[in-house]
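This report refers to the structure that appears directly beneath it.
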Amino acid sequence: MTKRRGSAAWSSVDDLQRSLRDHRYLADRGLATALHLAVSLERPLFLEGEAGVGKTETANVLASILGSELIRLQCYEGIGVAQAIYDWNYPRQFLAVRASEGTEHHVSVDDLFSWEFLVERPLLRAIRTESRSVLLIDEVDRADDEFEAFLLEVLSDFSITIPEVGTITAQVPPVVILTSNRTREVHDALKRRCFYHVIPHPDLEMESQIIRLRVPEATASLAHDVARAVAGLRKLPLTKSPGVAETIDWTRALSFLGVTDLRTETARDTIGAAIKQEEDLGVALEALPRIIGADG
Amino acid sequence: MDELGGVLSRRVADFSGRLRGAGLSADAHATMLFVRAIAELDALSIKDIYWAGRLSFVRNPEEIEIYEREFFLFARGEPEESLPQAEDALDPPRDLVAESTGSPEEIRDEPQSDSEEETAEVTLASSIELLRSKNFDRLTADEYERLKRLIASVALEPPVRLSRRMSAASRGSSLDLRKMLGASMKLGGEPAVRYWQKQQPKPRRMVFLFDVSGSMKGYSRTLLQFAYAVRRRQPRTEVFCFGTSLSRVTDLLRAPSVDVALAGFGERVPDWEGGTRLGDAIASFISGWGRRGVARGAVVIICSDGLERGDPEMLALQMRRLRGLAHAIVWVNPLKGSPGYEPLARGMAAALPYIDRFMSGHDLNSLEELAGALGDLRVRRAG
């Protein structure tokens, strides 16, 4: 029924959802559809969501399902060509010139500005790899607008021109995943090339499944208790709500301590695994008895 | 199959048209993505169609709800809702909109002070002088129209920060190795001459937080115009409005004219005439935006009269947090322009210790002063 193109790693959205699960990552239908479409239609996927919902992890898991290399470009204010695409290895160039001094082979400028002296950065690397890679462009909202325009250019034809060397075009375009925390609005020109998805916090049922999957040593009742407690914490006016990563950390800590059912006291002692902002601690501690108390 | 294709493409066109009507951009790119996604998924279930559309048409979290509503209405075959009537909107914004969106004809037909042409020029020049120091709160409609143009041309001294990008300098912070390599080639690779480079200054982000509560009524529209003028020159400027709750209105500032922007504000900000809870507003700014980067290293400009309905201690706490994130905080309080004003209001007094500059912004002169001061705010106190 389903057409096959792009990837042979799965045959349908359902199949991909199962594969993700086998890689210990629970994705809802929306995310699985998004990943499927991004890979098979060779379109970038633009992911948004609160910190800790697993945006970066998505790329990790996708790379391992595809058996591809994960290439990550972390964006920040002021990032430019030298950090994202390529730079020249100046110390080596100096050495090469010095070493050739007095010998027959005088080094020319052309020799110096060749592949040998080029330092490859993530975007160039993703385009040069011979097999399909997964390119994660993380927190693109942190980069400047100019960089975005530049990214748009690279993503539209997957080729990069280095004046001294020539134009490199990808043999196999990478699977591109961009993430954003929405600290600023990314330009529409970039977004319109992409499939867009917002990863929400998982619901109670899904979160306890995630816990069981990622912390197999935890008991079912602990997994359920922690998921419920975290859901309660997320309703509080915190500056940083606990993400899935925090849920997992917390469960690991509790499980390590031999806890099988979460009670207010143990929760209080270990809350540092879930709440990591000083100003949130007071609010969280005060609410704990209420959150856990109902049947704890 | 062709027939089916025809039906399908008509349906797709209907659907994207409907989404456009509801406010999504649903442009050709999105529609094309949608069609390809449906084909790829062999979309048989409504769930697949839903997701194909959502992934293709939605570009902001705010749009999800709209998409969802329109999708289900469309799937059920219900007609588009008629546009909400303007009468349903709050009253106060409407008079603002009416006042600020005069057609060119109306502006041209404004009573020309008894059309004696020679005196007209003189009157204009001196009236601009008068206008400069006229309290925004007491503008006539005519003065307001003229002031709009003046605000748009206020000279701005934008705050700067250092970028990572380097430029040549006679004395800089690091060596320009590339240039030195070129020069050393003549000397057998000996880096004899040093070339320096330094970081270029870049504009620093500005963030406006506007109090649009009732007590600020006379000033909100002019201060928003100022923000509009600033954003035109500094595109990374962010603008938020708050009364009892906070809303981000940066996108409205992209409107082609200040009148369209102001009309948008009126519609968007629901509590335009409500009370102020400054502490809560700043808290939600910090947790929703500021902390994630909007306020980091930015110049935050709070425009409020400081009449706090909430707890002043809460406000002080939030101001302290904000100061930890921002490069500098400027407080613009139009009341400061009144003779004999002292910041005794509980909210204002609580916030004062965390402010780098306290300015008035009640007339054009003071706005110019503000615009000129933004470039140099490095007056941080210790502790």
Side-chain angles (χ1 to χ4, degrees), chain A residues 1-3 5-6 12-13 29-30 33-34 36-38 40-41 43 45-46 48-49 51 76-80 82-83 88 90-91 93-102 107-109 112 139 141-142 144-145 181-185 188 191-198 237-240 279, chain B residues 25 27-30 33 36-37 39-42 44 47-48 50-52 54-61 63-64 161-165 175 177-178 180-182 184-185 187-191 199 202 205 235-236 238 248 250-251 283-284 286-287 289-297 317 321:
Chain A
M1 278 302 273
T2 324
K3 278 179 234 122
R5 200 170 67 231
S12 65
V13 176
R29 181 86 188 176
T33 310
H36 172 69
L37 289 175
S40 51
L41 297 180
R43 282 289 181 149
L45 174 60
F46 196 103
E48 282 185 351
Y76 48 85
E77 202 169 46
I79 191 171
Q83 295 80 34
W88 294 104
Y90 295 113
Q93 287 172 324
F94 275 114
L95 284 175
V97 176
R98 291 302 297 270
S100 74
E101 219 26 48
V107 181
S108 74
V109 174
L112 287 180
E139 304 189 327
D141 52 326
R142 287 210 201 174
D144 312 277
D145 320 20
N181 287 324
R182 289 198 98 206
T183 57
R184 74 182 168 85
E185 214 50 75
D188 209 43
K191 277 189 172 174
R192 75 161 70 106
R193 302 200 56 79
C194 309
F195 286 111
Y196 173 88
H197 186 59
V198 182
L238 303 177
T239 55
K240 167 77 182 71
E279 60 261 49
Chain B
S25 69
D27 50 23
H29 283 272
L33 268 186
R36 290 184 57 192
E40 170 62 31
L41 292 169
D42 278 343
L44 299 172
K47 222 197 239 166
D48 281 342
Y50 167 86
W51 277 111
R54 187 171 139 177
L55 294 163
S56 311
F57 288 115
V58 171
R59 286 174 193 160
N60 287 307
E63 293 176 352
I64 293 175
R161 63 181 168 80
L162 292 179
S163 77
R164 293 183 63 90
R165 204 156 297 164
L175 292 167
L177 289 169
R178 177 165 194 149
M180 283 172 63
L181 179 72
S184 74
M185 290 296 284
L187 304 164
E190 190 64 57
Q199 290 171 297
K202 279 193 78 173
R205 193 203 313 275
R236 298 193 68 186
E238 292 279 343
R248 180 169 183 258
T250 307
D251 56 317
S284 61
I286 293 173
S287 57
W289 302 94
R291 191 181 202 90
R292 288 188 286 157
V294 171
R296 280 182 207 278
L317 174 73
R321 289 176 61 205

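To find a chain, count down the sequence lines: A is the first, B the second, and so on, and within it residues start at 1.
- Only the side chain of B:R321 comes within contact range of chain A, judged by heavy atoms closer than 4.5 Å.
- The most heavy-atom pairs under 4.5 Å with chain B, out of A:R192, A:R43, A:R142, come from A:R192.
- Residues A:L41 and B:R36 share a closest heavy-atom pair of O-NH2, 3.5 Å.
- The closest side-chain heavy-atom distance from A:T33 to B:K47 is not below 4.5 Å.
- B:L177 is listed as a side-chain neighbour of A:F94, based on a closest heavy-atom distance under 4.5 Å.
- Interface residue A:S108: only backbone heavy atoms are found under 4.5 Å from chain B.
- For chain B, no part of A:L95 is nearby; none of its heavy atoms comes within less than 4.5 Å.
- Per-residue counts of heavy-atom pairs under 4.5 Å with chain A were compared for B:L33, B:L317, B:D251, B:T250; the largest is that of B:L33.
- Considering SG of A:C194 and CG of B:L55, their distance stands at 11.5 Å, rounded to 0.5 Å.
- For the set B:S56, B:G297, B:P61, the entry with the most heavy-atom pairs within less than 4.5 Å of chain A is B:P61.
- Heavy-atom minimum distance, A:Y196 versus B:R59: CE1-O, 3.4 Å.
- Note: A:L37 CG to B:D48 CG = 8.5 Å, rounded to the nearest 0.5 Å.
- Looking at heavy atoms from C-beta onward, A:H197 lies out of side-chain contact with B:V58 at the 4.5 angstrom threshold.
- Neither the backbone nor the side chain of B:I286 comes within contact range of chain A; no heavy atom of the residue lies under 4.5 Å from a heavy atom of that chain.
- When A:D188, A:V13, A:V198 are compared by the number of non-hydrogen pairs under 4.5 Å with chain B, A:D188 comes out ahead.
- Between chain B and the options A:V109, A:N181, A:L238, the largest number of non-hydrogen pairs under 4.5 Å is found for A:N181.
- Each of A:Q93, A:R98, A:K240, A:E48 has some count of heavy-atom pairs under 4.5 Å with chain B, and the biggest count is that of A:R98.
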